[in-house]
Amino acid sequence: MKKLTVTLALFLAIVSPLAAQSPYVSEVWVADQGNGTYRNPILYADYSDPDACRVGDDYYMTSSSFNCLPGLQILHSRDLVNWTIIGAAVPYALPPVVSPERPEHGNRVWAPAIRHHKGEFYIFWGDPDQGAYMVKSSDPKGPWSEPMLVKAGKGIIDTCPLWDEDGRVYLVHAYAGSRAELKSVIALCELNREATQAITPSRIIFDGHEAHETCEGPKFYKRGEYYYIFLPAGGVATGWQVVMRSKNIYGPYEWKTVMAQGKSPINGPHQGAWIDTETGEDWFLHFQDVGAYGRLVHLQPMKWVNNWPVIGVDKDGDGCGEPVLSYQKPNVGKTYPICTPQENDEFDGFTLSPQWQWHANINEKWAYYAGDQGIARLYSYPVVSDYKNLWDVSNLLLQKTPSDNFAATIKLTFKPSEKYTGERTGLVVMGRDYAGLILENTDNRLILSQVTCLKAEKGAAEQANASVNLKNGTVYLKANFSTDPDRQKKYLEKSDRIVLCHFSYSLDGKKFQPLGTPFRVKEGQWIGAKVGTFCTRPSIKTNDGGWVDLDWFRITKK
């Protein structure tokens, strides 16, 4: 049945390449309530450090992607509530391009800023080990320019540009204490008119050590006669939102706390983007760190009072708002269809679907996207010589978790080499701890094991909790994610979700058998847990290997 569907899809793509496709709507989390209101988070997924801009009646968002590629995924919306992934600004590799065989967990792309200026989109970000980078494009879908190092410097992070009325260009940024040995300050430098190179040293314009420890993530705006810098402080899971203003770009700046958790259940409400609408409304996008599921994106109402923004709902009138869990949708003048970022994949295309990311610069030998066959084929790739566990593997094909309660299921066919043993594939839930259902070819059989690896980033070994023998390599693998509110209240703070994952498998796609033990999901390095697959071989010299054919991947309620 699937092959017929694929054939029909190919026919429609050929005869009508511009035919409109129905927007994807998640089965497990939808922010738009369909009655003129929305619920937070608008994206129950790890779009860390979000930033956005408006061009006409279109909104574009990007976020930190760290070492995951394609990097700097671009999301589009018409109403700030319904979003879809339209591409990525760094599709293949981050410089220096050396095709590393080991991922750089938590490095590379930190806290980007996306802006539109004179027909061009720009994205600036800080690489904590190299400096400030920039890419640009006339079309947010791409192609984007190659990353350009605008300002070299170890520890430069969280960069954001501002084009002033006189044509001069400035860049505000923070410092990562782990590299620069200084944090909690904000600095500013000037760029050339093309925004391709810093032409002045950075000058520190704000010191947050006394009142706003760990201030970072600055976003730069000009409104009327004031320059504004929006920034978070107080720590990722426990902080608040600060706004600074000055009539001189270099200051001195006065500051005000404009949003904090207060009595709301939304911890650490900060770091994001001020967005206005063509109808004159103001809104603020920010994240909430919840631990295992990463940093979720929220949308807050915003208003201006005495040339200061107030974000959220200010119940006591002190100028500092609290975040809301639900609210009236932005008035953008029209009503648009409900949509959510893509999750499911039937592998009927000829390129990687936009929700997927690898764990390092992409090697072109990892995969074959055979849309005419309705599969994606992942070739087994050798692990590093000092391999300890999947934390060391770069060809992990993963996507973000999309809700608090859901199931991820994959149908695959494993075809390992007959020349040697030790090739592996399966379904993996990846973080600092990880677990999964792993197929491996051994001396005389295929074995499916449910494994866990605690403290993977410390080099710990996997543990097999249960195993079964398989007669052939076609199998359905499922991971059920769930949160327990009662257990949450009893054992942990609200800022760290208790997420449990149960694994099961099926040979016919209908009857699933549980396998192994429940796993407590753990976040990765600066990212939430991710779910997906891989295909590896031992670290041996050989001229070929086996593969796994991915038939489909689906996110469902159960």
Side-chain angles (χ1 to χ4, degrees), residues 2 101-102 345 347 352 356 358-360 362-370 373-398 408-430 434-453 461-479 503-509 513 515-516 531-553:
K2 180 180 176 181
E101 299 306 314
R102 194 188 303 273
D345 198 345
F347 300 109
L352 187 67
W356 294 106
W358 300 97
H359 242 33
I362 297 172
N363 187 319
E364 60 195 19
K365 297 177 290 185
W366 285 343
Y368 164 45
Y369 308 110
Q373 302 175 49
I375 62 167
R377 176 169 293 180
L378 307 187
Y379 299 107
S380 73
Y381 195 75
V383 298
V384 293
S385 58
D386 59 345
Y387 170 83
K388 298 180 178 64
N389 58 54
L390 289 178
W391 189 260
D392 300 326
V393 170
S394 55
N395 63 321
L396 299 178
L397 182 62
L398 308 174
T409 309
I410 192 168
K411 180 187 178 184
L412 56 80
T413 299
F414 186 32
K415 298 181 179 179
S417 172
E418 297 180 355
K419 300 177 181 178
Y420 53 88
T421 61
E423 289 182 305
R424 304 204 311 161
T425 188
L427 178 68
V428 63
V429 177
M430 193 70 200
Y434 70 82
L437 294 170
I438 308 298
L439 284 84
E440 182 173 352
N441 66 325
T442 66
D443 289 333
N444 54 12
R445 65 178 70 90
L446 282 178
I447 294 180
L448 175 66
S449 300
Q450 192 272 314
V451 306
T452 56
C453 185
E462 285 181 7
Q463 173 183 325
N465 301 310
S467 300
V468 295
N469 296 336
L470 297 183
K471 293 182 179 180
N472 63 67
T474 298
V475 65
Y476 303 77
L477 307 176
K478 178 181 285 190
F503 294 93
S504 59
Y505 74 99
S506 173
L507 301 179
D508 60 7
Q513 300 287 340
L515 189 66
V531 59
T533 187
F534 67 97
C535 192
T536 61
R537 69 174 77 158
S539 179
I540 58 176
K541 292 291 184 180
T542 178
N543 67 358
D544 207 355
W547 59 82
V548 61
D549 287 341
L550 310 178
D551 193 275
W552 50 256
F553 177 93

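Counting from 1, the numbers follow the sequence of the chain as shown. Side chains included, hydrogens not; waters and symmetry mates left out as well; all remaining heavy atoms used.
In terms of heavy atoms, Gly516 sits closest to Asn465 at CA-CB, 4.2 Å. Between Val429 and Ala479 the shortest heavy-atom distance is CG2-CB, 4.2 Å. Residues Ser539 and Pro382 approach most closely at CA-CB, 4.4 Å, considering heavy atoms. The shortest heavy-atom contact between Leu507 and Leu470 is CD2-CD2, 4.0 Å.
Not a single ring pair (Phe, Tyr, Trp, His ring centres under 6.0 Å) links Tyr379 to another residue, sequence neighbours left out. For Tyr369, the side chain to side chain donor-acceptor pair (under 3.5 Å) criterion is met by no residue, not counting sequence neighbours. A search for side chain to side chain donor-acceptor pair (under 3.5 Å) contacts involving Gln513 returns nothing, not counting sequence neighbours. Residues that satisfy the side chain to side chain donor-acceptor pair (under 3.5 Å) test with Asp386, not counting sequence neighbours, are Arg102. Under the rule for a salt bridge (charged side-chain N to carboxylate O under 4.0 Å, His left out), the partners of Glu462 that lie at least two apart in sequence or sit in another chain are Arg424. Judged as a side-chain contact (heavy atoms from CB on, under 4.5 Å), and not counting sequence neighbours, the contacts of Ile447 are Thr442, Arg445, Ser449, Ser467, Asn469. Partners of Trp356 by ring pair (Phe, Tyr, Trp, His ring centres under 6.0 Å), not counting sequence neighbours, listed by chain and number: Phe553. Glu423 pairs by the side chain to side chain donor-acceptor pair (under 3.5 Å) definition with Ser380, Tyr420, not counting sequence neighbours. By the salt bridge (charged side-chain N to carboxylate O under 4.0 Å, His left out) test, Arg377 is found to be paired with Asp549, residues two or more places apart in sequence or in another chain being considered. Residues passing the side-chain contact (heavy atoms from CB on, under 4.5 Å) test with Ala370 are Tyr368, Asp372, Gln373, Ile375, sequence neighbours excluded. Asp508 is linked by a side-chain contact (heavy atoms from CB on, under 4.5 Å) to Ser506, Lys510, Lys511, counting only residues two or more places apart in sequence or in another chain.
For the atom pair Leu448 CG and Tyr505 OH, the distance stands at 7.0 Å (nearest 0.5 Å). Atom OH of Tyr381 and atom OG of Ser394 lie 6.5 Å apart (nearest 0.5 Å). Rounded to the nearest 0.5 Å, atoms CG (Asp551) and NZ (Lys411) are 4.5 Å apart. Note: Asn395 CG to Asn363 CG = 8.5 Å, rounded to the nearest 0.5 Å. Summarising the geometry, atom CG belonging to Leu515 is positioned 10.0 Å from atom CZ belonging to Phe503; distances are rounded to the nearest 0.5 Å.
Residues Leu550 and Leu378 have side chains in contact (heavy-atom distance under 4.5 Å, counting atoms from C-beta outward). When side chains are defined from C-beta on, Trp358 counts as touching Leu397, because their heavy atoms get closer than 4.5 Å. Residues Leu477 and Leu439 form a side-chain contact, since some pair of their non-hydrogen atoms from C-beta on lies under 4.5 Å apart. Side chains of Tyr476 and Trp552 form a contact here, defined as non-hydrogen atoms less than 4.5 Å apart. A heavy-atom distance below 4.5 Å is found between the side chains of Val393 and Tyr387. At a threshold of 4.5 Å between non-hydrogen side-chain atoms, the residues Leu446 and Val475 do not count as touching.
Among Val428, Leu437, Thr425, the single residue meeting the side-chain contact (heavy atoms from CB on, under 4.5 Å) criterion with Thr533 is Thr425.
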Practice prompt. Could you go through the side-chain contact (heavy atoms from CB on, under 4.5 Å) check for Ile438 and Phe534 one step at a time?
Written response: CA-CA 10 Å; Ile438 308 298; Phe534 67 97; 3.7 Å; yes
List the atom pairs, donor and acceptor, that lie under 3.5 Å between side-chain atoms in residues 412-419 and the rest of the protein, sequence neighbours left out.
{"from": "Thr413", "atom 1": "OG1", "to": "Thr474", "atom 2": "OG1", "distance (Å)": "2.8"}
{"from": "Ser417", "atom 1": "OG", "to": "Lys419", "atom 2": "N", "distance (Å)": "3.0"}

